[in-house]
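Everything on this sheet refers to the single structure shown next.
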Amino acid sequence: MKFTSNKDIAKLLRSMSAAYAAKGEDYFKIIAYDKAADSVQHATSEAKDLWDDGKLDTIPGLGKNIQSYLDELFRTGKVKHFQEIKKNLPEGMFELLDIPGMGPKSAYKLAKLLKLRSIEDLKSKAKAGKIRTIEGFGEKSEKDILVSIARLKKRSNRYLLTDAFPVAQRVLEYLRSQKECERAEPLGSLRRMVATVGDIDIAVSSNNPQKIIDHFKKFRETQKILEAGSRTSSIVLKNGMQVDLMVQPPEAFGALLQHFTGSKNHNIHLRETALKKGLSLSEYGIRVKGKLQKFRTEAEFYKFLNLDWIEPELREDSGEIEAAINHKLPKLVSIEDIKGDIHLHSNFPIEPSHDLGANTFKDIITKAKNLNYEYIGFSDHSPSYSNHTKKQVVDLIKKRKEKIEQLKSSHKNIGILNLLEVDILANGELSIPEEGLKLLDGSIAGVHSSHHQDKRKMTQRILNACKSTYVNVVAHPTGRLLSERESYEVDWPAVFDACIINKKILEINAWPNRLDLPDVLVRDAIRAGIKLIINTDSHEISQMDNMRFGVAVARRGWATKDDIVNTLSWVEFRKLFRL
DNA sequence: GCCGTTTTCGGCCCGACTGTTTTCAGTCG
């Protein structure tokens with residue numbers, strides 16, 4: 001019985017919250033379990049690993065009781081107390097909680113009275129008109145349940161930031177076309193630049209909220225209106241994305257921006273802090289002794305609380321509020337600081353192991369100049385090792401080197417690096433022989449196969465790459481592909497140590513479904529003193545514009561300019577390579 | 001059940017919206 005990943009534990013704790021809610025247990029006990037679940041889910045280390053080291057208490061929200069339950073879970077695979085609590089509850093209620101709009105109270109009532117064992121059961125009972133026979137439910141709720149079940153099956157959980165962006169732009173454009181709309185801004189996870197977003201949040205400043213809501217409901221891509229009040233509304237688009245709208249008059253827009261940007265945990269923490277000073281926060285402003293103070297801008301809102309303005313990317317309740325109080329917020333790296341991109345794939349015929357790029361070296365140079373870069377690195381995949389002899393590999397690298405040397409001498413106003421993206425093979429060796437590596441200015445090494453190795457092997461593999469004098473950068477270090485493949489497990493402290501000792505740079509790969517290193521590991525790496533580089537991994541020149549998403553990841557990891565090596569001038573940057 | 005520059009006891013974020021109700025409970029963000 002394996003039940004130990006943070007995701008599993010969070011789910012277990014949430015089910016306990018629901019169990020207590022169904023039993024009508026004290027509200028704050030319910031909240032405590034929700035908080036603990038949130039906290040475990042967002043923890044940067046696996047709770048199991050922390051438990052191994054006796055450091056479970058470093059996760060906030062886990063007190064004496066829950067810690068002892070988790071201790072039992074890790075030792076025996078189950079928690080007797082939890083089983084006891086759930087004993088008299090219908091087993092089927094917990095599955096129902098995944099349905100939008102279905103909370104613990106409803107799930108309990110329906111599962112118990114209709115003897116449900118699954119969502120499928122609920123669906124057939126709804127179709128048979130049995131829901132409306134239950135007290136507190138009517139025809140409308142019966143219909144809504146069917147719609148919600150259908151939606152649950154269709155919609156994927158989260159969308160890539162890069163996919164949600166253009167959709168949000170269309171909604172914003174539409175809202176701005178209504179003349180009562182003064183300002184419309186994307187907020188929530190989109191504004192915080194989270195790698196994946198659950199829905200699109202939008203705030204509008206207007207003196208006529210009703211007009212805005214009415215207009216919003218008529219958006220041409222609307223599939224279903226979930227709710228529409230006088231100030232807020234939610235719709236589902238034809239592509240399945242949910243859009244939440246909130247409207248406020250301009251004099252209170254600052255508070256609305258703050259509230260709707262979140263994160264939820266940031267807001268809760270902020271309110272708890274304010275409450276101690278007798279201040280009550282809401283999306284309307286700050287209430288002082290019952291009197292509401294309004295704010296046109298967010299900066300004024302934070303200033304009123306004696307806090308420095310906090311960049312949206314930092315608002316995850318991970319120490320930013322304390323830092324803002326003490327004026328210790330970092331000056332985050334920005335897209336303007338970036339002076340080059342060295343993970344770029346060309347169409348040079350190197351007969352690679354993976355994808356070739358679409359453009360010539362010259363196309364890439366032109367694009368880089370348009371972006372005002374001081375330098376670039378060509379990092380095609382290395383020649384495939386399975387169907388070339390060692391000599392053939394070296395010859396291909398020689399041919400490519402000749403070409404790049406020509407470009408270097410004909411383009412004196414931009415720094416050019418002759419690199420390759422080298423595979424870290426399953427046994428920890430690099431995919432090209434030393435003879436080939438010697439011909440390069442450096443290399444980017446990454447795992448591209450055997451992703452399912454265990455933690456020990458995978459760690460050893462990366463450590464081996466770090467030991468090579470020919471490797472400069474470890475590419476997309478966790479190997480995750482958002483909504484496709486989980487990260488492989490790695491002993492990060494060990495890798496961080498190896499990077500420090502061997503002076504290796506970790507990459508923040510800006511490819512839309514990689515965004516790897518992930519933000520939380522970026523922060524850990526920076527704390528460990530590691531230097532990072534942000535690259536786009538472009539296979540086509542328009543993808544070089546993805547740099548902003550990589551910068552967003554760095555910012556979410558509290559990175560300053562000093563932490564990111566491709567903010568260095570060419571003169572300084574080139575010293576990192578074998579030139 | 002958690003937590004502590006007012007508290008180891010007594011608090012715990014705040015408000016909108018909906019359906020089924022005759023004043024509110026449940027859910028959500």
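Chain A is the first sequence line, chain B the second, and so forth, proteins listed ahead of strands; every chain is numbered from 1. Basis for what follows: all heavy atoms, side chains included, without hydrogens, waters or symmetry-related copies. The shown structure was predicted, so the numbers you read here are calculated from the model rather than taken from an experiment.
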Could you tell me the separation between the [atom1] atom of [X] and the [atom2] atom of [N], rounded to a whole number of Å?
X: A:I59; N: B:dG1; atom1: CD1; atom2: C1'; answer: 16 Å
X: A:F28; N: B:dC3; atom1: CZ; atom2: P; answer: 15 Å
X: A:F260; N: B:dC13; atom1: CZ; atom2: P; answer: 20 Å
X: A:K276; N: B:dC3; atom1: NZ; atom2: P; answer: 12 Å
X: A:K35; N: B:dG11; atom1: NZ; atom2: P; answer: 16 Å
X: A:K29; N: B:dC3; atom1: NZ; atom2: C1'; answer: 16 Å
X: A:I31; N: B:dG10; atom1: CD1; atom2: P; answer: 21 Å

Look at the rings of A:F301 and A:F295 and say which category their plane angle falls in: under 30° parallel, 30 to 60° tilted, over 60° perpendicular.
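Rings of A:F301 and A:F295: perpendicular, over 60°.
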Mind telling me whether A:Y33 and A:F82 have parallel, tilted or perpendicular rings, with 30° and 60° as the class edges?
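Rings of A:F82 and A:Y33: perpendicular, as their planes differ by over 60°.
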Side-chain N or O of [X] closer than 4.0 Å to phosphate OP1/OP2 of [N]:
X: A:Y33; N: B:dC2; result: no
X: A:S141; N: B:dT20; result: yes
X: A:S280; N: B:dC14; result: yes

Map A:K140 and A:S106 onto DNA chain B by nearest heavy atom, then report which one ends up closer to the 5' terminus.
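Result of the comparison: A:K140.
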When you check the side-chain N and O atoms of A:E336 and A:S334, is any donor under 3.5 Å from an acceptor?
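Looking only at side-chain atoms, A:S334 and A:E336 do form a donor-acceptor pair, the distance falling under 3.5 Å.
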Distance-only polar pair, side chains of A:S68 and A:D71, donor-acceptor under 3.5 Å:
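On atom types as modelled, these side chains do not qualify, holding no pair under 3.5 Å.
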Taking any heavy-atom pair under 4.0 Å as a contact, classify A:E139: base, sugar-phosphate, or nothing.
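A:E139: backbone/sugar contact only, no base atoms under 4.0 Å.
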Expressed as a whole number of Å, how far does the C1' atom of B:dT8 sit from that of B:dC3?
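Straight-line distance between the two C1' atoms is 9 Å.
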